[in-house]
Asker: 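The structure follows.
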Amino acid sequence: MASLTSSTETPDLSRAVIGVIVNNALVLALVAVLAVFSVATPTFLTLANLQSILVNNFTLLAIVAIAMTFAVSVGGIDLSVGTAIDFASFAFVSLVLAGQPVAFAALAGLGAGAAVGAFNAVLISGIGISPFLATLGTLFIGRSIQQLLTSGGNPVYLPPSGVPEAFRFLGRGTIAGIPVPLIIAALIIVGATLILTRARFGRVALAIGIQPSVVRYSGIAVRAHVAVAFILAGLIAAVAGLILSATVTVYIPSSGNAFLLNAIGATFIGTTHSRLGRPNVPGTVLGVLLLSIVANGLLLTGLNFYWQQVGTGLLIFAVLALSFINRRKATA
Amino acid sequence: MSVDIQLAPVIRFDPGEAAFGSARGGNLAATALRAGSLIAFAVILVVFSLTAPYFLSLGNIGNVLGQSAISGVLAIGLTIVLIAGGSNVVTGGIDLSLAANMGLSAAVYATAVQLGYGDATAVVAALVTGGLIGVVNAVAVVGAGIVPLLATLAVMNIVAGLELVLTQNTVIPAATPLLTAVSSSGPFGIPVLAYVLLAFALIAAAIVQYTPTGLRLYAVGEFPDAARAAGLAVRRLVAGAFIASGLCGGFAGILSVSNLSGSTTGSGEMLLPVVVTALLGSVFSRRLVPTVIGTLLSTLFVGFLVNGFQLLNISSVLVSGVQGLLILLVVSATTLLRK
């Protein structure tokens with residue numbers, strides 16, 4: 001859609017084709033990756049494998065990346081999403097281990113994640129520290145707190161006999177054949193899309209990310225909106241923490257950080273999906289899909305495990321390069 | 001004067017408010033903060049030396065310097081990028097590939113030794129590896145125009161993957177005359193690594209703080225438009241900063257091979273501590289901007305802290321928490337003092 005505007009100026013067909021490619025780099029990369037893996041490995045394009053991609057690769061990263069998208073939408077970044085995941089997971093597993101009802105433990109877990117977000121909000125909106133540094137500080141402090149709570153970093157296991165049914169259901173249950181984590185992820189994706197595109201809060205948040213001074217002069221409380229965005233980021237990341245611990249029935253200190261760089265990658269790859277380079281939920285989801293499919297596909301090709309990381313990196317690099325070169329042309 | 005109004009550009013976040021505070025208030029705050037952080041450094045040294053008698057011995061100071069060498073070299077590399085990249089950490093200067101760069105360079109060195117090459121070849125190979133990674137970053141940031149945070153994130157993934165491919169995720173031992181010499185003790189029983197760090201920091205400081213090129217780096221980072229209008233080769237300077245940072249990664253790789261008698265996995269763990277160290281470094285400079293000496297001081301600050309904790313048998317668990325608190329305290333003080 002957006003590609004048409006740039007191609008009208010250049011009647012030259014080849015340039016128009018290049019324009020279409022560059023403007024839809026993300027979608028085309030997804031299609032290309034799907035096509036390549038479908039041809040390269042017979043098992044890729046099977047229902048079982050596609051489902052496995054969604055359950056094993058996509059779900060958790062998608063939720064964390066949505067959390068990141070909220071922080072990025074107000075012009076910030078959240079390096080402590082892993083901390084929110086870990087705190088939620090710790091509260092959830094510990095309370096279930098202590099015999100508390102699963103629902104109560106889950107609420108406490110969400111609260112723990114939101115508390116991490118609120119701590120960031122105080123630092124960023126209250127004191128005025130840059131989000132990068134504030135959340136970096138939170139990440140470091142959170143790491144120490146977790147090691148103190150677990151006497152040096154010991155995992156908290158739930159004994160197989162002591163796993164309540166509701167706990168197991170959250171991680172491995174299905175509703176009408178659809179895995180529960182996937183349903184939760186879908187709800188979060190839809191909810192986040194609505195908040196960022198339809199709700200007043202989302203439009204203000206995106207405006208803050210583009211031009212905060214204009215929003216301030218319009219009489220809108222910028223700091224309050226930034227604070228809410230970071231609390232939302234902590235809360236959403238906490239959901240990923242609950243699902244993670246329910247799936248593996250264990251809390252491992254500082255394990256949430258594993259999602260950080262991929263979540264940043266997916267969110268910013270997602271910004272290339274928008275003509276103006278803004279964070280957007282569909283783009284983020286496409287970014288997560290791309291990363292998930294590549295991870296799964298490279299595994300299936302039987303390529304040396306270590307080359308997979310190189311391949312993923314090269315692909316991200318190519319998508320970013322294409323869209324940034326394009327954006328530079330658009331603004332030049 | 002133009003520099004003063006950009007006080008602590010790296011650490012402030014003030015959406016929508018005018019970025020130009022009163023210059024006089026800024027200077028006062030800067031002085032207070034700088035004095036405060038130096039006093040804090042001194043207090044920590046005094047407390048540790050009173051409670052742990054061995055702390056202020058020459059041998060221990062040498063040890064701290066030696067143990068800080070690798071992270072110090074990396075943090076100085078990152079500082080150069082911070083200077084040239086400017087205020088905003090997301091869109092400005094950051095090099096997330098540094099730790100992975102060190103890992104790959106170390107792996108290249110160890111592999112070269114395993115293949116029977118001598119020290120000279122291995123040193124060149126490691127530095128070329130680091131330099132090439134810097135070139136890729138430079139092309140991505142300056143050529144393709146990718147935001148540094150993302151460009152170096154992608155490069156980090158590629159480099160970390162290449163290290164795994166090269167080492168198959170195993171330890172590659174390496175022992176050569178050079179490596180043994182670097183990891184041994186020098187004059188006064190102080191590790192050679194300590195001298196390496198000091199010499200490296202002094203050379204880097206001389207280039208960055210006292211040459212026209214260094215001054216131009218600051219100009220490019222703080223006021224890119226003005227720098228461009230003044231006829232500076234902005235793109236070339238930014239590219240140069242990334243290549244210099246890459247070379248630092250290669251150099252740190254050599255030090256790491258020597259220190260660990262080989263290449264090991266897990267270099268990525270270094271990344272965030274190095275980022276914190278480099279960002280904290282601006283607190284130890286007069287105008288709260290990133291400087292090489294400031295970063296050296298901040299590296300030693302963290303090094304002494306870790307060492308003191310060890311001597312006092314305080315759990316090392318607290319180290320990352322203290323680092324996190326420090327950065328938040330320092331940054332909060334800066335921003336609150338400005339109000």
Side-chain angles (χ1 to χ4, degrees), chain A residues 72 74-77 79 123-125 127-134 136-145 147-148 152-153 208 211-217 222-223 226 261 264-265 268-269 304-318 320-325 327-328, chain B residues 10-18 87-90 94 96 136 139-140 143-147 149-151 153-169 272-273 275-276 279 315-329 331-332 334-336 338-339:
Chain A
V72 175
V74 291
I77 191 163
L79 301 184
L123 296 172
I124 295 162
S125 284
I127 302 178
I129 303 178
S130 91
F132 188 94
L133 288 178
L136 189 60
T138 306
L139 165 65
F140 273 74
I141 295 172
R143 190 177 289 173
S144 265
I145 292 178
Q147 291 187 324
L148 287 174
I208 292 172
Q211 193 53 273
S213 53
V214 171
V215 179
R216 183 183 303 276
Y217 296 144
V222 168
R223 285 171 184 239
V226 171
L261 294 173
I264 295 177
F268 282 94
I269 287 177
N304 179 321
F305 180 74
Y306 301 124
W307 276 110
Q308 292 171 21
Q309 194 174 350
V310 182
T312 313
L314 283 174
L315 190 83
I316 298 175
F317 193 83
L320 289 173
L322 264 179
S323 66
F324 274 87
I325 290 171
R327 205 182 299 170
R328 175 176 282 188
Chain B
V10 179
I11 38 196
R12 283 189 65 237
F13 177 68
D14 221 345
E17 271 172 19
S87 54
N88 189 322
V89 189
V90 176
I94 189 88
L96 296 182
V136 173
V139 168
I146 308 179
V147 176
L149 183 81
L150 300 179
L153 181 74
V155 171
M156 180 193 87
N157 271 314
I158 299 171
V159 169
L162 286 175
E163 184 196 341
L164 289 175
V165 170
L166 190 61
T167 64
Q168 296 297 310
N169 209 8
L272 290 174
V275 170
V276 167
L279 292 173
S315 167
S316 62
V317 160
L318 288 173
V319 170
S320 83
V322 170
Q323 268 177 288
L325 270 182
L326 262 179
I327 197 163
L328 292 183
L329 279 180
V331 175
S332 315
T334 326
T335 37
L336 289 178
R338 285 180 53 84
K339 285 185 180 170

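Bear in mind the structure is a predicted one, so any value in this text is a computation, not a measurement. Atom set for the values below is all heavy atoms of this structure, side chains included, hydrogens, waters and symmetry mates excluded. All chains are named by letter (A, B, ...) in the order of the sequence lines, taking the proteins before the strands, and each is independently numbered beginning at 1.
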Asker: Of the backbone (N, CA, C, O) and the side chain (C-beta and beyond), which part of Gln168(B) lies under 4.5 Å from a heavy atom of chain A, both, or neither?
Answerer: both
Asker: Which one of Leu123(A), Ile141(A), Ile145(A), Thr138(A) has the most heavy-atom pairs closer than 4.5 Å to chain B?
Answerer: Ile141(A)
Asker: Would Phe268(A) and Val147(B) count as a side-chain contact (heavy atoms from CB on, under 4.5 Å) if you check the C-alpha gap in whole Å, the side-chain angles of each, and the deciding distance to 0.1 Å?
Answerer: CA-CA 10 Å; Phe268(A) 282 94; Val147(B) 176; over 6 Å; no
Asker: When you compare the side chain of Asn157(B) with that of Leu261(A), does any pair of heavy atoms fall below 4.5 Å?
Answerer: no
Asker: Would Trp307(A) and Leu162(B) satisfy side-chain contact (heavy atoms from CB on, under 4.5 Å), going step by step from the backbone distance to the final call?
Answerer: CA-CA 7 Å; Trp307(A) 276 110; Leu162(B) 286 175; 4.2 Å; yes
Asker: Chain A heavy atoms under 4.5 Å from Leu153(B): which part of the residue, side chain, backbone, both or neither?
Answerer: side chain
Asker: Which region of Leu314(A), side chain (C-beta onward) or backbone (N, CA, C, O), has a non-hydrogen atom less than 4.5 Å from a non-hydrogen atom of chain B, or is it both or neither?
Answerer: both
Asker: Less than 4.5 Å to any heavy atom of chain B: does that hold for the side chain of Ile269(A), its backbone, both, or neither?
Answerer: neither
Asker: Which pair of non-hydrogen atoms, one from Leu149(B) and one from Ile264(A), has the smallest distance, and what is that distance?
Answerer: CD2-CG2, 4.5 Å
Asker: What closest approach, in Å, do Phe140(A) and Pro273(B) show between heavy atoms, and which atom pair accounts for it?
Answerer: CZ-N, 3.7 Å
